[in-house]
Student: 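Please find one structure pasted underneath; my questions will follow.
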Amino acid sequence: MTHLAVPKTYKLAIGGAFPRSESGRVYAVHDAKGGFVANAAKGSRKDARDAIVAARAAFGGWAGATAYNRGQVLYRIAELLEGRRAQFVDEITRLEGVSGAEANAQVDAAIDLWIWYAGWTDKHAQVAGNANAVSGPYFNISVPEPSGVVAVIVPQGTSLLGFVSAVAPPLVTGNTVVAVASERYPLSAISLAEVLATSDVPGGVVNVLTGSPAEIAPWLASHADVNALDLVGAEDLDWIELQIAAADTLKRVLPPEMGVDAAAASLDRITAFTEVKTVWHPKSML
């Protein structure tokens with residue numbers, strides 16, 4: 001008897017759940033040779049709004065956690081990635097058309113990069129902050145704090161590594177994320193969201209939308225409850241218009257020309273979405 005294949009439909013990841021797009025739309029994901037692999041949800045404006053609401057609801061708890069705790073939670077993701085290596089290797093080889101060795105190398109790089117960022121959770125404040133020299137009977141200290149909800153257009157040319165390179169840095173400081181995955185290679189992004197859902201990462205901290213970045217990005221750029229916008233994967237979009245839309249709500253924006261080498265770790269990407277709080281504290285007169 002011939003076995004009936006049941007292709008997987010990869011859904012969105014919003015608020016710790018995996019809903020279909022409210023529009024009911026899907027699109028076909030193909031392998032490197034043009035063969036059908038799976039369906040992926042085609043996110044809409046409403047899905048983007050739902051993801052932003054979920055990210056905002058999760059922000060207080062994630063930003064309020066101790067830096068050490070965030071580091072432990074993020075490090076656990078690397079362990080789970082290693083445990084599901086075979087799945088990610090299969091997705092990368094099928095979609096990108098690379099060899100098994102190259103796919104394994106990409107997974108290795110993604111895990112190493114995730115661990116590198118996890119290690120900065122309780123260290124970035126010491127590097128980015130400062131005790132300022134002032135003349136007077138008080139201390140003056142600058143401390144980096146998370147911006148809030150960060151919308152990210154993920155690099156479009158790779159599967160897992162590009163996603164990790166864009167999503168991990170904002171999480172370090174306590175931001176929550178709404179990420180638009182690679183339209184051509186979305187499977188690893190949703191698979192990683194499944195990993196997050198089975199870990200200690202609170203629901204809503206990372207939300208993943210699949211579909212057309214050109215359709216979704218303008219709504220993220222103009223939404224008043226998005227605090228920052230990372231256009232690292234928006235080279236093929238009208239990112240000037242996206243920056244203009246973001247300016248209307250005073251967002252912090254990282255344009256494509258300040259993008260990331262997907263294999264490179266960058267402290268600048270951690271501090272790009274932080275705000276500096278300056279504290280004045282009187283010296284004891286005793």
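All of these numbers come straight from a predicted model, not from anything done at the bench.
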Student: Any chance you could lay out the side chain to side chain contact (heavy atoms under 4.5 Å, CB included) test for Val180 and Val152, step after step, and finish with the verdict?
Tutor: CA-CA 6 Å; Val180 182; Val152 181; over 6 Å; no
Student: How far apart are the C-alpha atoms of Leu74 and Leu171, what are their side-chain angles, what is the distance that settles it, and do they pass the side chain to side chain contact (heavy atoms under 4.5 Å, CB included) test?
Tutor: CA-CA 9 Å; Leu74 293 179; Leu171 299 177; 4.2 Å; yes
Student: Under a 4.0 Å threshold between the charged nitrogen and the carboxylate oxygen, would Glu215 count as salt-bridged to Arg25?
Tutor: yes
Student: Quick one: is the NZ or CZ of Arg56 closer than 6.0 Å to the six-membered ring centre of Phe59, and within 45° of its axis?
Tutor: yes
Student: Give the minimum heavy-atom separation between Leu80 and Ser199, together with the two atoms involved.
Tutor: CD1-CB, 3.5 Å
Student: Identify all side-chain donor-acceptor contacts of residues 29-42 below 3.5 Å with residues at least two apart in sequence or on another chain.
Tutor:
from: Asp31; atom 1: OD1; to: Lys33; atom 2: N; distance (Å): 2.9
from: Asp31; atom 1: OD1; to: Gly34; atom 2: N; distance (Å): 2.9
from: Asp31; atom 1: OD1; to: Gly35; atom 2: N; distance (Å): 2.6

Student: Identify whether the distance between the nearest side-chain nitrogen and carboxylate oxygen of Glu82 and Arg76 falls below 4.0 Å.
Tutor: no
Student: Side chain to side chain contact (heavy atoms under 4.5 Å, CB included) between Phe88 and Gln106: does it pass, once the steps are laid out?
Tutor: CA-CA 9 Å; Phe88 287 103; Gln106 185 177 152; over 6 Å; no
Student: Within the 4.5 Å heavy-atom criterion, are Trp62 and Val73 side-chain neighbours or not?
Tutor: yes
Student: Does the side chain of Tyr117 reach to within under 4.5 Å of the side chain of Ser266, using non-hydrogen atoms?
Tutor: yes
Student: Is there a side-chain contact between Ser159 and Ser182 (heavy atoms, below 4.5 Å)?
Tutor: no
Student: Could you tell me if the side chain of Asp230 sits less than 4.5 Å from the side chain of Phe273, heavy atoms only?
Tutor: yes
Student: Taking only residues two or more places apart in sequence, or in another chain, which ones meet Trp114 in a ring-ring contact (aromatic ring centres under 6.0 Å, His included)?
Tutor: none
